[in-house]
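First comes the structure, then the notes that go with it.
Excluded from the calculations below are hydrogen atoms, water molecules and symmetry mates; all remaining heavy atoms, backbone and side chain alike, are included. Proteins come first, then strands; the chains are lettered A, B, ... in the order of their sequence lines, and each starts at number 1.
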Protein chains: 2
Amino acid sequence: MTGVKDNTGGQTRIQRDKIAQISEAALDVFSTHGFRGATVDQIAKAASLSKPNLLYYFPSKEAIHTHLLENLLDTWLDPLRQINPDGDPLDEILTYVRRKLTMSRDMPRESRLFAYEIIQGAPNMGAGLEEVLKPLVDGQAQVIRGWMEDGRLRPADPHHLIFSIWSLTQHYADFDVQVRTVLGPKVTDPFPQAEDYLVTLFTRMLAP
Amino acid sequence: MTGVKDNTGGQTRIQRDKIAQISEAALDVFSTHGFRGATVDQIAKAASLSKPNLLYYFPSKEAIHTHLLENLLDTWLDPLRQINPDGDPLDEILTYVRRKLTMSRDMPRESRLFAYEIIQGAPNMGAGLEEVLKPLVDGQAQVIRGWMEDGRLRPADPHHLIFSIWSLTQHYADFDVQVRTVLGPKVTDPFPQAEDYLVTLFTRMLAP
DNA sequence: TGCTGTTTTGACCAAACGGTCAAACCAACG
DNA sequence: CGTTGGTTTGACCGTTTGGTCAAAACAGCA
């Protein structure tokens, strides 16, 4: 038989290993060069595989990219999903901010991959945005709005509040070079400063 | 003679026109596909020129890209430069925010071009960042710090304050697709909402 | 050991790409 | 009108790239 079985879930351990190995390498390459900037040879080399071998596990370069994006959106939105409507409003927001910032620190490649895709107009995620992201955001925006109407948070547009959390936290991953250049070489890790700043910012913004 | 004279400034009107025309087209293409994703043919077509004709005005694809970036950094940092140390602190910051947001609205292609470059690690702007951006930011950060020490603004890390203004304003250009998807089709122009939100955010953050 | 299905690879291909070149074109001016 | 210098182009080139293929190598089991 030619190529790997489709998504039946019935994969050999060796197949899952190789696919994971390729995904890891592809994440590296795609996140630093973008989709068009990345070459199959680069990914294969990074995965310690020959090019035809790589294409035995994935039918095409695009398939690898799609595979990464599919797994990404859920991970990416997970912290937002975890906002607890029954928790303390400000705590919930600050926890969300911290989680997102931690993701920027620990998963900068995923952040950049995501950024590339959105900047380009999300050509490979059109469905995901409309059908996954929007409903989730709308739902949590309602929760936040409720808090504001109850006087437990200062009023502000909940959608733009969420945008601002995304933008501020992801900035430290996507624009890492710029941040580090401006802060200078003495600052080896910008994230503690960033966390302090963001906690202050959202506390002043939202504490009733 | 082959090719266009170098940067003597002594250019024909026709040359300046064509170069502007090419720059315009290249900005379009580079900002939507990135450097590697863009092809010379695409740019030529967008500029209504044949490929060899385009390469008569610019020696290479990279030269066009570099040309765009060179002109970009100054434009990009101009609003920051305009912060007036003798003005009212909060007014100055809010004016800066509004200017940056206006740039996101009116120059989204430039914003994306910039974003691509930074995400990639600024391979064609290494000098500019260290020598132009950092000193300017450090200078204005000092001005802001002065205001805070005089009690005219609530204290906060000035560098991260500037980062947050960049990140929030540029978000509306770079992640336009995401913003519009989440806000839904009823919102034809997110920018008025964004301005309200950001003014509120930075007022609550900084007003003494 | 021999057989079977999976995995790996060197060699190869067609398309796309950045860039070149000589020849044609054209505007302007004497 | 003819010459001159800048401009435009079709044809072409070498390289890179995504992807294919048939054959070899290998793992596991009877």
Side-chain angles (χ1 to χ4, degrees), chain A residues 1-23 25-30 32-69 116 120 123-124, chain B residues 1-23 25-30 32-69 123-124:
Chain A
M1 198 212 239
T2 306
V4 148
K5 289 167 200 126
D6 21 310
N7 46 356
T8 55
Q11 293 167 334
T12 323
R13 176 118 103 284
I14 208 176
Q15 285 176 352
R16 254 208 305 279
D17 283 358
K18 286 282 155 92
I19 286 175
Q21 183 178 339
I22 292 168
S23 300
L27 179 58
D28 244 42
V29 178
F30 281 138
T32 43
H33 301 289
F35 179 74
R36 286 281 317 250
T39 74
V40 177
D41 277 300
Q42 261 179 312
I43 300 173
K45 197 176 174 186
S48 308
L49 258 52
S50 68
K51 185 170 62 168
N53 197 183
L54 186 153
L55 289 169
Y56 170 76
Y57 290 100
F58 285 93
S60 71
K61 176 184 172 185
E62 208 185 338
I64 311 174
H65 192 242
T66 304
H67 175 76
L68 288 178
L69 284 182
Y116 269 119
Q120 220 144 20
N124 296 320
Chain B
M1 199 212 239
T2 306
V4 147
K5 288 166 201 127
D6 22 309
N7 48 355
T8 53
Q11 293 167 332
T12 322
R13 173 120 102 283
I14 208 176
Q15 285 176 351
R16 255 208 304 279
D17 284 356
K18 287 282 155 94
I19 286 175
Q21 183 180 338
I22 292 169
S23 300
L27 179 58
D28 246 42
V29 178
F30 281 137
T32 43
H33 301 287
F35 179 75
R36 283 285 313 257
T39 74
V40 177
D41 277 299
Q42 260 179 311
I43 301 172
K45 197 175 174 185
S48 310
L49 257 52
S50 67
K51 186 169 62 168
N53 196 184
L54 186 154
L55 290 168
Y56 170 76
Y57 290 100
F58 285 93
S60 71
K61 177 185 171 184
E62 209 185 336
I64 311 175
H65 192 241
T66 304
H67 175 75
L68 289 178
L69 284 182
N124 296 320

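Legend: residues meeting salt bridge (charged side-chain N to carboxylate O under 4.0 Å, His left out) with D17(A), ordered by chain and number and at least two apart, are absent. The side chain to side chain donor-acceptor pair (under 3.5 Å) test applied to D28(B) returns R109(B), not counting sequence neighbours. In this structure, H33(A) has no ring-ring contact (aromatic ring centres under 6.0 Å, His included) partners at least two apart in sequence or on a different chain. Checked against side-chain contact (heavy atoms from CB on, under 4.5 Å), A20(A) has no partners two or more places apart in sequence or in another chain.
If you take CG of N53(A) and P of dT6(C), they are 15 Å apart, rounded to a whole angstrom. In this entry the distance linking NZ of K18(A) with P of dT7(C) reads 9 Å, nearest Å. R16(B) places its CZ atom 13 Å from the P atom of dT7(D), with the value rounded to the nearest Å.
Between the CG atom in N53(B) and the CD1 atom in I22(B) there is a gap of 7.0 Å [rounded to 0.5 Å].
A46(B) approaches V29(B) most closely through the heavy-atom pair CB-CG2, 4.3 Å.
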Which protein N or O atoms sit under 3.5 Å from an N or O of nucleotides 22-24 of chain C?
none

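Residue Q15(B) places at least one side-chain N or O closer than 4.0 Å to OP1 or OP2 of dT7(D). Side-chain nitrogen and oxygen atoms of Y56(B) include at least one within less than 4.0 Å of the OP1 or OP2 phosphate oxygen of dT7(D).
Pairs passing the salt bridge (Lys or Arg N to Asp or Glu O under 4.0 Å) check and including a residue from residues 47-67 of chain B, sequence neighbours excluded, read D41(B)-K51(B).
Using a 30° and 60° split on the angle between ring planes, F35(A) and F30(A) fall in the parallel class, below 30°.
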Under a 4.0 Å heavy-atom criterion, the protein footprint on nucleotides 14-26 of chain D, written with B, S and -, is ---SBBBB-----

